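Just so you know, ligand 1 is whichever comes first in the structure, and atom 1 is the first atom listed for that ligand. What you see is a predicted model, and the numbers here were worked out from it, not measured in a lab.
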Amino acid sequence: MAPWGYEKDNGPAHWHKDCPIANGKNQSPIDLINGEVKYDSGLKPLTAKYVPFSDAKFLNNGHSVQFQPSAGNGSELTGGPLAVKYNFEQFHFHWGNNDTEGSEHRVDGKMYPAELHFVHWNSTNPSFKDAVGSGGPNGLAVLGFFLKVGAENAALKPITDLIPKVKDAGTSVTVPSNFDMQAILPATLTDYYTYDGSLTTPPLAECVKWIVFKQPLEVSAAQMEAFRSVINRDGKPMGGNYRPPCPLHDRAVKTSFK
Ligand SMILES: CCCCCOc1ccc(S(N)(=O)=O)cc1
Ligand SMILES: [Zn+2]
């Protein structure tokens, strides 16, 4: 099979051939249906401590654009539904070719124009790859933020300004060391949905504690257009790099908010 992608001949409907877990019972993304979620008063706020990076790359890997510091940079996530400390690995985006589509998770069936994923791995593992293969839903913790079109996002501007430099698949640039990743996050990481799920791209491992924030982040129309200029491995616009929602089966979605 051609390498996986989001086109007719290699998109999500094909992925089960190489990754049979695609039809598993703990797959992501899902549609977050407010009438079916359950408030959990035990869910505390999350704490993300992101330290400045000495050498980080921003890259086009053919199916997303991704910010990736060198391993072991000391940025950590704790709290919320997490029992232990998780190390930051990378963040990346999923988006559409117009403002009516693009996010992976949905809220009562509504899609946002894009979704930002901050990927972290359980620090009781020796590496990210080991955490992916560790079995069970505590290998990774991924923070999901919906993006909607509005005011310019000053914290993401250093990243969206780099997009023209990684227009083609397989390209990367060094990110200026004064980039402040912490500034992307809302001041308090409070209102979120959380559930046990999977990677939303192959290998689709069911190793993720998903934490999806209720409050979208805003980006300007120009910042959205920057994403839509990115080209994938087949030389086509990368927009549409989102997996449709998967069945919930007998999973519960908990919320930290009423
Ligand atoms: C063992 C190598 C795994 C490489 C793939 O890693 C991923 C894939 C998807 C996501 S996502 N869209 O679910 O946040 C996060 C990380
Ligand atoms: Zn993702």
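The heavy atom nearest to atom 8 (C) of ligand 1, out of those in Asp130, Thr201, Asn241, Leu140, is found in Thr201.
Ligand-side atoms of ligand 1 in range of His94: 12 (N), range being under 4.0 angstrom from any heavy atom. Atoms of ligand 1 found under 4.0 Å from any heavy atom of Val119 (numbered from 1 in listed order, with element): 14 (O), 15 (C).
Put simply, the side chain of Trp15 does not reach to within 4.5 Å of the side chain of Asn10, judged on heavy atoms.
Closest to atom 14 (O) of ligand 1, if we only count protein heavy atoms, is His92 CE1, 3.2 Å. The nearest protein atom to atom 6 (O) of ligand 1, hydrogens excluded, is given as Phe128 CZ, 3.7 Å; this is a heavy-atom distance. Protein heavy atom nearest atom 2 (C) of ligand 1, with residue, atom name and distance: Lys129 NZ, 3.7 Å. Shortest contact from atom 7 (C) of ligand 1 to any protein heavy atom: Leu199 CD2, 3.9 Å.
Between Glu115 and Phe146, the closest heavy-atom pair is OE1-CE2, 3.7 Å. When all heavy atoms are compared, the tightest approach of Leu59 to Ser172 is CB-CB, 3.7 Å.
Of the residues listed (Val212, Asp40, Leu248), the one engaging Val253 in a side chain to side chain contact (heavy atoms under 4.5 Å, CB included) is Leu248, and it is the only one.
With respect to the salt-bridge test (charged N to carboxylate O, under 4.0 angstrom), the residues Asp99 and Arg228 qualify. Using a 4.0 Å cut-off between a side-chain N of Lys or Arg and a carboxylate O of Asp or Glu, Glu76 and Lys85 qualify as a salt bridge.
For Asp108, the side-chain contact (heavy atoms from CB on, under 4.5 Å) partners are Ile33, Asn34, not counting sequence neighbours.
The shortest N or O to N or O distance between Thr200 and ligand 1 is under 3.5 Å. Between Trp210 and ligand 1, a contact under 3.5 Å exists for no N or O pair.
The aromatic ring centres of Tyr193 and Phe257 sit less than 6.0 Å apart. A centroid separation of less than 6.0 Å is found between the aromatic rings of Phe53 and Phe67.
Excluding water, every protein N/O/S atom under 2.8 Å from the Zn ion (ligand 2) is given here by residue and atom: His92 NE2, His94 NE2, His117 ND1.
Although no hydrogens or angles enter the test, the distance criterion places a donor-acceptor pair under 3.5 Å between the side chain of Arg251 and the main chain of Asp196.
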